[in-house]
Amino acid sequence: MKGLLALATQIWPAFATDGAYTVLYTVADGMFYFLPIVLAITASRKFKLSEFTGLAIGLALVYPTMVSLTGGEIIGSVDLGFFGTFQWYATFFGIPNV
């Protein structure tokens with residue numbers, strides 16, 4: 001659906017400002033935005049964990065305060081060579097939190 005929306009905006013640029021585009025884009029993007037919740041529920045079933053516990057973990061991952069942690073200032077980093085750089089924005093009792 002996102003591919004079709006991109007194609008539609010290339011053919012008809014004014015469509016990007018239309019309300020229908022916003023609704024269709026929200027529908028297409030909604031599954032990706034809430035993917036941690038869906039994965040938490042299915043993983044909790046697979047690992048025989050309480051679904052409410054899995055749901056709470058998934059909801060915490062999309063909670064706006066948790067999401068905003070990665071938008072702040074980098075407080076530490078470690079160069080991992082070929083694998084890139086590990087950076088963290090907050091700590092949890094002194095443990096780096098990505």
Side-chain angles (χ1 to χ4, degrees):
M1 182 178 266
K2 290 182 94 168
L4 292 174
L5 286 172
L7 179 65
T9 56
Q10 288 296 319
I11 295 170
W12 183 33
F15 182 62
T17 60
D18 192 44
Y21 174 83
T22 304
V23 170
L24 292 173
Y25 187 84
T26 302
V27 170
D29 212 28
M31 183 64 178
F32 293 109
Y33 185 82
F34 294 108
L35 188 62
I37 298 169
V38 174
L39 288 175
I41 291 172
T42 56
S44 63
R45 288 179 186 158
K46 179 70 176 174
F47 296 123
K48 298 185 183 356
L49 177 73
S50 168
E51 289 182 8
F52 290 107
T53 304
L55 183 64
I57 293 168
L59 287 169
L61 291 174
V62 297
Y63 188 67
T65 304
M66 290 295 291
V67 173
S68 68
L69 279 178
T70 60
E73 182 181 335
I74 298 171
I75 61 171
S77 66
V78 174
D79 183 23
L80 301 174
F82 176 76
F83 297 106
T85 303
F86 174 73
Q87 301 171 338
W88 56 92
Y89 302 89
T91 60
F92 182 76
F93 294 119
I95 302 170
N97 184 11
V98 178

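- Of all non-hydrogen atoms in Q87 and I74, the two that sit nearest each other are OE1-CD1, 3.3 Å.
- Residues that satisfy the ring pair (Phe, Tyr, Trp, His ring centres under 6.0 Å) test with F15, not counting sequence neighbours, are W12, Y21.
- When side chains are defined from C-beta on, I75 does not count as touching Y89, because their heavy atoms never get closer than 4.5 Å.
- Both V27 and Y25 are members of a single hydrophobic cluster when ILVMFWY side chains are connected at heavy-atom separations under 4.5 Å.
- A single hydrophobic cluster is not seen to contain both I37 and M31; linkage of ILVMFWY side chains at heavy-atom distances under 4.5 Å, directly or through other members, places them apart.
- L39 and L61 fall into different hydrophobic clusters, defined by Ile, Leu, Val, Met, Phe, Trp and Tyr side-chain heavy atoms under 4.5 Å apart, directly or through other members.
- A continuous path of Ile, Leu, Val, Met, Phe, Trp and Tyr side chains, each step under 4.5 Å between heavy atoms, connects F86 with F82, placing both in one hydrophobic cluster.
- Nearest approach of D29 to K2, heavy atoms of both residues: OD1-NZ, 3.0 Å.
- The heavy-atom pair separating G84 from D79 by the smallest distance is O-OD1, 3.5 Å.
- Note on F32: it does not cluster hydrophobically with V23, by side-chain heavy-atom contacts below 4.5 Å among ILVMFWY residues.
- Under the side chain to side chain contact (heavy atoms under 4.5 Å, CB included) criterion, T22 pairs with T26, not counting sequence neighbours.
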Only distances under 3.5 Å count here; give the side-chain donor-acceptor pairs of residues 44-58 to other protein atoms, sequence neighbours excluded, each with its distance to 0.1 Å.
unit_1	atom_1	unit_2	atom_2	d
S44	OG	A40	O	3.2
S44	OG	I41	O	2.7
R45	NE	E51	OE2	2.8
S50	OG	F52	N	3.4

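- Of all heavy-atom pairs spanning A14 and T17, the tightest one is O-OG1, 2.9 Å.
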